[in-house]
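All figures in this text were calculated on a predicted structure; none of them were measured in a lab.
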There are 2 protein chains.
Amino acid sequence: MSVEAKKRVPLSRERVLAAAVEIADAEGIDALTMRALAERLGVEAMSLYYHVANKAALLDGVADAVVGEILAAVTPTSAKDGADGEESGDPAPGLTASGAPSSDPSFDWRATLRTRVLAARAVLLRHPWAPPLLTRPGAFGPAAVFYFEGVLAILVRGGFSYDLAHHAIHALGSRAIGFSQELFTPGDATPDESDEVLEELAAQLPHLMGMLSEISHDDPASNLGWCDDQAEFEFGIDALLDGLEAARRRTSV
Amino acid sequence: MSVEAKKRVPLSRERVLAAAVEIADAEGIDALTMRALAERLGVEAMSLYYHVANKAALLDGVADAVVGEILAAVTPTSAKDGADGEESGDPAPGLTASGAPSSDPSFDWRATLRTRVLAARAVLLRHPWAPPLLTRPGAFGPAAVFYFEGVLAILVRGGFSYDLAHHAIHALGSRAIGFSQELFTPGDATPDESDEVLEELAAQLPHLMGMLSEISHDDPASNLGWCDDQAEFEFGIDALLDGLEAARRRTSV
DNA sequence: ACCTGAACACCGTTCAAGT
DNA sequence: ACCTGAACACCGTTCAAGT
């Protein structure tokens with residue numbers, strides 16, 4: 001027994017994935033190597049291959065683990081564990097007792113979806129390395145399936161046909177799960193050209209120059225970095241929800 | 001002279017980047033290694049470091065090369081090369097002679113931007129490996145600056161303030177340059193569970209099952225794969241443009 | 001069933017050296 | 001100024017072997 005107490009708890013897929021998330025959180029995704037992961041678990045690198053097929057499968061698993069965290073954040077836990085509300089006698093929201101989709105005129109799908117998306121975003125802000133992982137082919141795992149079942153339920157209950165809801169989910173893209181691909185990240189904007197060349201260049205970019213001079217002055221609230229990502233994200237999701245609501249109204253006439 | 005003819009043309013940054021694009025087009029981005037690139041250029045791997053700082057700089061350069069191709073596709077070439085229309089005596093579109101932004105009520109910013117975005121998309125469809133590159137920090141190069149100057153010009157001429165145009169560009173995100181991050185790419189959807197487990201799972205996903213059964217049947221036009229990406233992209237950009245037009249109208253009252 | 005040790009092929013990158 | 005050769009540190013992964 002005393003020997004047993006010293007014996008280390010055996011590895012499991014769950015422990016491997018949890019340790020991988022810890023490494024990525026602490027040191028970034030590039031630091032997540034098979035060797036580093038093994039070391040953190042007090043094990044040799046090759047042992048990992050007993051629990052994950054290879055590195056790609058590891059990253060897929062990590063992605064699904066993060067989505068699982070998102071799922072937990074948007075799923076109200078019921079009093080009894082294991083009962084997730086879908087198992088009661090009542091039909092699921094947006095479904096009649098016979099299983100046909102049914103909309104609910106008093107239901108604010110827009111606000112509900114917005115809240116869900118922002119909650120997902122809050123989780124991703126704790127794992128800023130995760131978004132690129134979620135777009136990898138193969139990263140769409142079980143947790144994502146349940147997350148999007150929820151999104152779909154909101155849309156259907158809000159009056160979207162399955163067809164339109166399908167388009168809407170594509171239109172939302174990564175925004176449906178709380179992030180948007182930023183194309184910018186200027187990072188190290190170190191102009192290594194001479195002032196003269198720079199001025200000539202600026203002359204060819206009148207609108208960009210105009211925008212920059214206006215933006216940097218008139219919004220004292222956005223002094224963290226250049227653009228407030230949270231505010232931009234909310235503007236973007238709202239514009240998209242506006243467009244989707246217009247599409248919904250068009251079809252439900 | 002006869003010896004000179006045999007001498008190979010010296011490397012240049014441009015030739016390195018062009019060869020890199022060729023490799024990615026032919027064999028995918030993972031095949032783009034420093035060693036493979038050198039071999040294609042008939043040179044030793046270390047020679048590349050004379051023209052690009054390191055691999056990250058190479059990828060940044062490749063990204064800007066692709067954006068350059070996009071820029072060429074959306075920029076109508078004038079009769080005289082070198083004159084790009086901004087150098088005439090007329091003010092740039094969307095600017096008064098004094099340089100202040102001015103909108104043009106008869107200008108259809110929505111259709112113009114839509115056309116530009118779809119043209120950019122057409123280029124990216126030829127380089128399907130490129131989108132992930134464009135989202136890397138540091139990938140926003142000179143070509144992207146000029147591309148977005150053009151986007152901004154369209155918005156301003158269409159009646160957007162610089163501030164609103166700035167939000168709009170963030171809202172468009174990667175869509176502004178012709179792609180949207182697909183979260184799906186089911187790829188190898190090989191359910192390795194038993195039928196019984198699968199059925200139980202399906203019972204928990206009523207909307208997803210409902211949508212799948214409806215989608216797969218009712219649209220005979222979308223038989224290439226599962227979702228027609230081009231159609232979904234267009235639906236998405238249209239929904240977003242609708243939302244942005246609503247925002248523009250709100251501010252210009 | 002679970003873990004290890006040694007080895008392999010392949011990376012990006014350094015450095016000093018060639019012309 | 002431009003390119004090379006040899007070497008280094010580090011990957012993911014194989015295979016046969018241990019318990």
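Residue pairs satisfying the salt bridge (charged side-chain N to carboxylate O under 4.0 Å, His left out) criterion with at least one member in residues 59-74 of chain A, sequence neighbours excluded, are listed as follows: A:D60-A:R136, A:E69-A:R126. The side chain to side chain donor-acceptor pair (under 3.5 Å) analysis of residues 21-31 of chain A, with sequence neighbours excluded, yields the pairs A:E22-A:R40, A:D25-A:H127, A:D25-A:W129. Sorted by first and then second residue, the salt bridge (charged side-chain N to carboxylate O under 4.0 Å, His left out) pairs with a member in residues 172-181 of chain A form an empty list; sequence neighbours excluded.
Here C:dG12 is the nucleotide among C:dG12, D:dT14, C:dC3 with the atom lying nearest to any side-chain atom of B:Y49.
Nearest-nucleotide mapping onto DNA chain C: of B:M46 and A:S12, the residue sitting toward the 5' end is A:S12.
Put simply, B:Y50 has no side-chain N or O that comes within less than 4.0 Å of OP1 or OP2 on D:dC3. At least one side-chain nitrogen or oxygen of A:S47 sits closer than 4.0 Å to the OP1 or OP2 atom of C:dT4.
Residues from residues 20-39 of chain B with heavy atoms under 4.0 angstrom of DNA chain C, sorted by number: B:T33, B:M34, B:R35. Near-neighbour residues of DNA chain D inside residues 52-62 of chain A, defined by a heavy atom below 4.0 Å, number-ordered: A:N54, A:K55.
Residue B:R13 contributes atom CZ, which lies 14 Å from atom P of D:dC2 at whole-angstrom precision. Atom CD in A:E44 sits about 5 Å away from atom P in C:dT4, given to the nearest Å.
Annotation: cation-pi pair A:R121/A:F179 absent, no NZ/CZ under 6.0 Å from the ring centroid and within 45° of its normal. Cation-pi geometry between B:R116 and B:Y147 is satisfied (NZ or CZ under 6.0 Å from the ring centre, within 45° of the ring normal).
Not a single donor-acceptor pair under 3.5 Å links the side chain of A:E232 to the backbone N or O of B:H170. With hydrogens and angles ignored, the 3.5 Å screen pairs a side-chain donor or acceptor of A:S47 with a backbone N or O of A:E44.
Closest approach of B:I29 to B:A24, counting heavy atoms only: CD1-CB, 4.2 Å.
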> For DNA chain D, what string of dots and brackets results from 5' to 3' when Watson-Crick and G-U pairs need both distances under 3.5 Å, crossing pairs get [ ], and pairs with another strand get |?
Replying inline: ||.|||||...|||||.||

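Side-chain contact, A:Q230 with A:E234: a donor N or O sits under 3.5 Å from an acceptor N or O.
In this structure the side chain of B:V151 never reaches within 4.5 angstrom of the side chain of B:V117, judged on heavy atoms.
For B:F140 and B:F148, the distance between ring centers is under 6.0 angstrom.
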